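For reference, the structure discussed in these notes is given below.
Quick caveat, the model's predicted, so the values are computed rather than measured. Count residues from 1 along the sequence. Indexing begins at 1, ligand by ligand and atom by atom, following the structure's order.
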Amino acid sequence: MDKQLNIHYQEFADENALPLQDRELLRQAETMASKAYAPYSRFKVGAAVRLANGVVVCGSNQENAAYPSGLCAERVAVFSAAANYPDQAIEALAITTQAEKASGDPVAPCGACRQSILEYEHKFQQPIRVILRGKNGTILVLDSVRSLLPFQFSAEDMGL
Ligand code: THU
């Protein structure tokens, strides 16, 4: 039997049509990207997470001379939010990039980040809004990390 998945997302040419909260989150992600520690890739990523209590927790990618020891901006932000505010659901996550050579299109989180973010959707039983902005200004909005990771691995798969 053939099956097909449809993934819903929105695309905007600029931030004007976005709610104020999203624009603010993008602004904070942008500030974080400029602070990224990415001397090896020169690909700077900023992430800002808005929690249910309104607090915004940010992260940027942190690289290391021993390459695998570094961490993506999204996981820095999400893990920091979960460590500092373990009882607050994550409502939204904004991601922006700054890199001379990058295409300019919005950059979606890597697979490991998708899985890591998804954990908190499961934990709080609440979708996380994902807002991506590229250097060219294009914005993509997804209602849930599930849209980025349609076939998921979760604790349920282990019978937990
Ligand atoms: N990076 C992120 O911060 N987020 C992603 O989703 C993809 C990649 C970082 C990791 C590394 O510091 C640099 O970008 C190049 O891969």
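- Within 6.0 Å of CD on E119 lie no more than 12 heavy atoms contributed by other residues, nucleotides or ligands.
- Taking 4.0 Å as the cut-off, G70 does not count as a neighbour of ligand 1 on heavy-atom distance.
- Remark: the backbone N or O of L93 is not paired with any side-chain donor or acceptor of R129 at under 3.5 angstrom.
- Protein heavy atom nearest atom 6 (O) of ligand 1, with residue, atom name and distance: E74 OE2, 2.8 Å.
- Residue C72 has no N or O atom closer than 3.5 Å to an N or O atom of ligand 1.
- Counting protein heavy atoms under 4.0 angstrom from atom 16 (O) of ligand 1 gives zero.
- Residue S41 has no nitrogen or oxygen atom sitting less than 3.5 Å from a nitrogen or oxygen atom of ligand 1, judged on distance alone.
- Interatomic distance, Q98 CD to R42 CZ, rounded to the nearest 0.5 Å: 13.5 Å.
- Given atom 3 (O) of ligand 1, the protein heavy atom at minimum distance is A73 N, 2.9 Å.
- Screening residues 86-136 for ring-ring contact (aromatic ring centres under 6.0 Å, His included), with sequence neighbours left out, gives no hits.
- Contacts of Y40 classified as ring-ring contact (aromatic ring centres under 6.0 Å, His included), with partners at least two apart in sequence or in another chain: Y67.
- For a threshold of 3.5 Å applied to N or O pairs, the pair formed by C113 and ligand 1 contains no separation below that value.
- Near P109, meaning under 4.0 Å from one of its heavy atoms, ligand 1 places the atoms 6 (O).
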Next item on the list: Decide side-chain hydrogen bond (donor to acceptor under 3.5 Å, both in side chains) for S41 and E63; before the verdict, give the C-alpha distance in whole Å, the side-chain angles of both, and the deciding distance to 0.1 Å.
Entry: CA-CA 8 Å; S41 72; E63 297 186 348; 2.5 Å; yes
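- Among all protein heavy atoms, the one lying closest to atom 11 (C) of ligand 1 is E63 OE2, 3.2 Å.
- Side-chain contact check for E74 and S116: no donor-acceptor pair (N or O, by modelled atom type) lies under 3.5 Å.
- Distance from atom 9 (C) of ligand 1 to its nearest protein heavy atom, with residue and atom name: N61 ND2, 3.5 Å.
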